[in-house]
> 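Following this message is one structure expressed as structure tokens.
Residue numbers start from 1 in every chain, and the chains themselves are labelled A, B, ... in the order their sequence lines are given, proteins ahead of strands.
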Amino acid sequence: MKKIVLALALFSAVSAYGQDDLMSMLDTKQESKEVTSTFKASRLVSGQTVRTLDKNTLDFVINHRFGAINSGVEEFWGLDDAQIRLGLEYGVTDDLMVGIGRSSYEKTVDGYLKYKILSQQTSGVPVTVTGFASMAIKTDKDAFADPDYDYSFSQKTSYAYQLLVARKFNSKLSLQLMPTLIHRNLVVTANDSNDVVALGVGGRYKFTPRVSFNVEYYPQFNNTDDYTDALSLGVDIETGGHVFQLHVSNSRAMIEKGFVAETTGEWGEGDLFFGFNISRSFALGKKKKDW
Amino acid sequence: MRAVLLVFLLLGAFVADAQKYKSVSSKVHFFSEAPMENIEAVNSQSQSVFDAESGQIVFSIPVDQFQFDKKLMQEHFNENYMETEDYPTATFKAQLQDWKGLSSSQTATAKGGLDVHGITQNREIEGKISKTNDKVMVDAKFVIELKDHKIKIPKAVFYNIAEKIEVTVHFEYEPIK
């Protein structure tokens with residue numbers, strides 16, 4: 001009896017081995033694949049991520065920044081006062097996207113192009129690289145040195161250029177470098193530099209599949225002491241179609257020129273602004289079904 | 001001694017040149033009816049090997065290769081539901097019950113472990129096996145309950161995924177030479 005049991009045990013062992021044996025006959029050669037979902041949204045906090053929209057996707061983006069938290073009870077700690085930017089983004093191809101927006105900060109209209117130059121692969125290419133170029137026109141007369149003067153179009157214009165380099169280290173951690181050049185055709189005072197160079201660093205850590213913690217920091221190389229470096233902490237909450245981004249920052253602007261080069265708040269002084277971004281994606285275009 | 005002989009005999013049965021078949025094309029399709037919009041995707045990168053002698057059959061499905069109509073949905077499927085970076089493949093290793101060898105057309109029940117999202121469930125899945133000339137085809141339709149495989153459905157999503165998804169598989173095989 002014992003022997004029969006033994007035989008049966010061996011038999012079942014062989015049987016199990018047989019299936020694994022079959023498993024080993026499958027082709028396991030893994031082709032290199034594109035690494036996706038490095039970031040959940042096209043913005044880390046205020047600045048861009050390497051992410052571009054998929055082709056024919058339209059994103060409606062609402063950015064909101066409240067007043068300074070240290071403004072006290074009369075201002076309801078900043079909640080009485082708000083700046084807003086409304087934007088539309090559209091994926092022309094999977095790699096090229098265009099966007100426009102209007103901020104209440106200096107009544108600015110901005111437009112930009114974002115192009116994914118390189119995609120991180122599971123083997124081979126270690127990073128995703130995206131180029132970003134934007135143009136912004138401030139239309140608020142009070143944002144200029146002399147509100148009564150009729151400034152020319154080019155004097156109202158500023159530019160931002162970024163090379164975004166990101167690596168998704170694992171499903172939770174992604175880090176990004178953002179070398180940035182801001183050019184303003186006209187600056188407020190003679191001391192201000194027309195060009196500001198910064199090397200942004202940032203990243204995200206995903207706590208759950210849908211929630212991540214984000215950091216974004218833009219140290220500048222050549223700005224005057226009147227301005228501080230923007231440091232922002234945020235949380236992304238993704239609900240399928242929507243991404244909610246809540247954050248605290250010493251910067252209040254929602255375009256690159258503003259938060260990279262014209263931040264005045266200091267973390268140590270409590271000049272902090274609570275804000276949020278909401279984006280809603282719409283898939284446009286004909287559905288293709290090839291099965 | 002007799003037992004040992006028996007074991008060798010049994011082993012011999014497996015070693016003997018059992019005809020094995022390997023998939024040359026495959027289609028794994030899933031469908032889930034949801035209030036906002038139906039969710040469906042198809043995968044043509046799956047593989048299978050079938051031992052016609054012993055009735056053993058194995059499947060391997062690269063979960064991140066499901067193609068959706070909407071890319072964003074595909075991303076959410078991979079990132080939020082299936083966590084494909086941690087659980088890249090789904091497998092089914094099964095033994096066909098009461099297997100008596102291939103015939104031109106037959107139904108069979110495959111009993112074995114279905115591993116989806118890192119959780120293995122013992123399942124009995126009924127399917128159709130047909131043979132024309134050298135080609136073998138396997139067709140099956142079954143239901144996966146998300147909770148069986150610890151696939152979480154958040155409460156605040158805008159396209160709710162149904163708790164059950166219907167999976168249709170079609171595999172075509174050729175003999176391994």
Side-chain angles (χ1 to χ4, degrees), chain A residues 1-28 30-31 33 35-37 40 51 53-57 59 91 94 122 168 170-172 206 208-211 237-242 244 280-283 287-291, chain B residues 1-7 10-11 13-14 18 20 22-23 27 29 36 40-42 44-45 47-51 54 56-60 62 64-65 67 69-76 78-81 83-86 88 91 93-95 112-113 152 154 156-161 176:
Chain A
M1 187 62 207
K2 228 182 246 174
K3 279 175 185 168
I4 291 168
V5 169
L6 178 73
L8 280 174
L10 280 163
F11 173 70
S12 62
V14 169
S15 166
Y17 176 74
Q19 284 166 6
D20 286 332
D21 213 26
L22 291 185
M23 267 332 248
S24 69
M25 294 169 81
L26 300 172
D27 302 321
T28 49
Q30 278 280 331
E31 277 174 39
K33 283 180 283 199
V35 174
T36 58
S37 316
K40 285 192 181 296
R51 186 185 177 103
L53 292 174
D54 296 319
K55 188 181 177 180
N56 286 338
T57 301
D59 235 21
D94 283 348
T122 47
K168 187 178 189 178
N170 52 51
S171 60
K172 290 180 166 30
K206 250 168 68 180
T208 75
R210 289 179 183 77
V211 179
I237 303 163
E238 190 244 282
T239 61
H242 285 81
F244 295 94
R280 170 69 181 151
S281 289
F282 301 92
K287 290 182 182 180
K288 57 158 188 8
K289 211 176 255 189
D290 45 10
W291 65 81
Chain B
M1 193 57 211
R2 211 182 279 166
V4 174
L5 268 176
L6 179 69
V7 167
L10 283 163
L11 265 173
F14 288 101
K20 293 186 180 70
K22 191 171 172 181
S23 62
K27 196 168 100 171
H29 173 259
M36 282 277 284
E40 61 177 334
V42 74
S44 57
Q45 307 291 315
Q47 295 184 64
S48 173
V49 172
F50 169 47
D51 185 337
S54 67
Q56 292 186 80
I57 189 161
V58 297
F59 298 89
S60 173
D64 59 356
Q65 294 302 308
Q67 300 299 314
D69 221 21
K70 291 184 178 174
K71 275 217 167 166
L72 194 63
M73 206 186 263
Q74 185 168 328
E75 179 176 340
H76 293 155
N78 285 305
E79 278 267 294
N80 301 347
Y81 293 92
E83 302 171 82
T84 46
E85 276 182 27
D86 300 327
T91 58
K93 302 179 197 176
Q95 170 70 49
K152 288 183 207 120
V157 292
F158 287 82
Y159 34 79
N160 281 299
I161 279 189
I176 298 175

> Select one option (side chain, backbone, both, neither) describing which atoms of B:D86 are under 4.5 Å from chain A's heavy atoms.
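Just its side chain gets close to chain A.
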> Please state whether the side chain, the backbone, both or neither of B:K22 comes within less than 4.5 Å of a heavy atom of chain A.
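When you check distances to chain A, only side chain atoms of B:K22 fall under 4.5 Å.
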> Does any donor atom in the side chain of A:E238 or B:N80 lie under 3.5 Å from an acceptor atom in the other side chain?
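Looking only at side-chain atoms, B:N80 and A:E238 do form a donor-acceptor pair, the distance falling under 3.5 Å.
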> Which bit of A:D94 is near chain B, if near means a heavy-atom gap under 4.5 Å: side chain, backbone, both or neither?
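It is the side chain, since no backbone atom gets that close.
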> Calculate, to the nearest 0.5 Å, the distance between atoms CE and NZ belonging to A:M23 and B:K93 respectively.
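Answer rounded to 0.5 Å: 5.5 Å.
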> Give the member of A:A283, A:S37, A:S171 that has the highest number of heavy-atom pairs under 4.5 Å with chain B.
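Highest number of heavy-atom pairs under 4.5 Å: A:S37.
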> Does any heavy atom of chain A fall under 4.5 Å from the side chain of B:I176, the backbone, both, or neither of them?
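Just the side chain, heavy atoms under 4.5 Å.
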> Answer with side chain, backbone, both or neither: which region of A:K172 has an atom nearer than 4.5 Å to a non-hydrogen atom of chain B?
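No part of it gets close to chain B.
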> Flag this pair as yes if the NZ/CZ of A:R280 is under 6.0 angstrom from the six-membered ring centre of A:F244 and inside a 45 degree cone about the axis; otherwise no.
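No, a cation-pi geometry is absent between A:R280 and A:F244.
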> Let me know if B:Q65 has heavy atoms under 4.5 Å from chain A in its side chain, its backbone, both or neither.
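The side chain, not the backbone.
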> Side chain from CB out, backbone as N, CA, C, O: work out which of these in B:S44 comes under 4.5 Å of a heavy atom of chain A, or both, or neither.
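Neither the backbone nor the side chain of B:S44 comes within 4.5 Å of chain A.
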> For the residue pair B:D64 and B:T84, confirm or rule out a side-chain donor-acceptor distance under 3.5 Å.
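No, no side-chain donor-acceptor pair sits under 3.5 Å.
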> State the CZ-OG1 distance between A:F282 and A:T57, to the nearest 0.5 angstrom.
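With rounding to 0.5 Å, CZ (A:F282) is 11.5 Å from OG1 (A:T57).
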> Please look at B:Q47 and chain A and tell me whether the side chain, the backbone, both or neither of the residue comes under 4.5 angstrom of a heavy atom of that chain.
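Both the backbone and the side chain of B:Q47 come within 4.5 Å of chain A.
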> Which of the residues B:A94, B:S48, B:S60, B:G112 is involved in the greatest number of heavy-atom pairs with chain A at under 4.5 angstrom?
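The candidate making the most pairs under 4.5 Å is B:A94.
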> Any chance NZ of A:K33 has more than 12 other-residue heavy atoms, nucleotides or ligands included, within less than 6.0 Å?
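Yes, enclosed.
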> To the nearest 0.5 Å, tell me how far B:E79 CD sits from A:K206 NZ.
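Going from the CD atom of B:E79 to the NZ atom of A:K206 covers 3.5 Å.
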